[in-house]
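Shown next, in structure tokens, is the structure this report addresses.
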Amino acid sequence: MSDELNELLNKAISRELQVSIQYMWQHVLAGKLGDLDLKMKLREISIAEMKHAEIIAERLTQLGGTPTTECDPISVGKTVLEIAKNDVEAEDGAIALYPRIIDLARNEGDEITAKIFEKILSEEKEHHAFFSSLLNTR
Ligand SMILES: [Fe+2]
Ligand SMILES: [Fe+2]
């Protein structure tokens, strides 16, 4: 694993930690906002993001790296519209970063990491579509 891939995997972990907490606190807030469907969906996606953090940290460790505990800045928001905006932005970040990791891993002959990120990226695209749809209905 190159230093660059090591750094990008830790960037990915930092943003997975961020969204895991961000979506879980939005899940808690959504109860107060009275949106129970959104509340349960946020919980489900939060847990998916924590699993992403786990999978990436496991892979980084296998490659000889050390998973970071640094978390990117969390933006919860106060309304459903703010939640939707913050979360579309967060998913945009994943959709920008993960293809770079896939390409770099493949260039280094690391097909396992490339495949892991292809699967995660497809899930991030689903999250992006969900939060975008939320934005369009508010
Ligand atoms: Fe994720
Ligand atoms: Fe996501």
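Counting convention: from 1, in listed order, for ligands and their atoms alike.
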Requested in this report: Looking only at N, O or S atoms, find the one in Glu16 nearest to the Fe ion (ligand 1) and name it.
Outcome: OE1
Report task. Taking the side chain as every heavy atom from C-beta outward, state whether Glu124 and Glu49 have any atom pair closer than 4.5 Å. Result -> yes
Query raised in the report: Between the side chain of Ser14 and the main-chain N/O of Asn10, is any donor-acceptor distance below 3.5 Å?
Result: yes
Requested in this report: Measure the spacing between CG of Leu60 and CG of Leu8 and express it to the nearest 0.5 Å.
Outcome: 11.0 Å
Report task. Compute the angle centred on the Fe ion (ligand 2) spanning OE1 of Glu124 and OE2 of Glu91, and express it rounded to 10 degrees. Result -> 140°
Requested in this report: Verify the neighbour count for atom CD1 of Ile95: are there more than 12 heavy atoms of other residues, nucleotides or ligands below 6.0 Å?
Outcome: yes
Query raised in the report: Looking at His52, which of its N, O or S atoms is the nearest one to the Fe ion (ligand 1)?
Result: ND1
Query raised in the report: Should the heavy atoms of other residues, nucleotides or ligands under 6.0 Å from NZ of Lys85 be counted, would the total exceed 12?
Result: no
Query - His127 N/O/S atom closer than 2.8 Å to the Fe ion (ligand 1) - result: no
Query raised in the report: When you measure from the Fe ion (ligand 2) to each N, O or S atom of Glu49, which atom gives the shortest distance?
Result: OE2
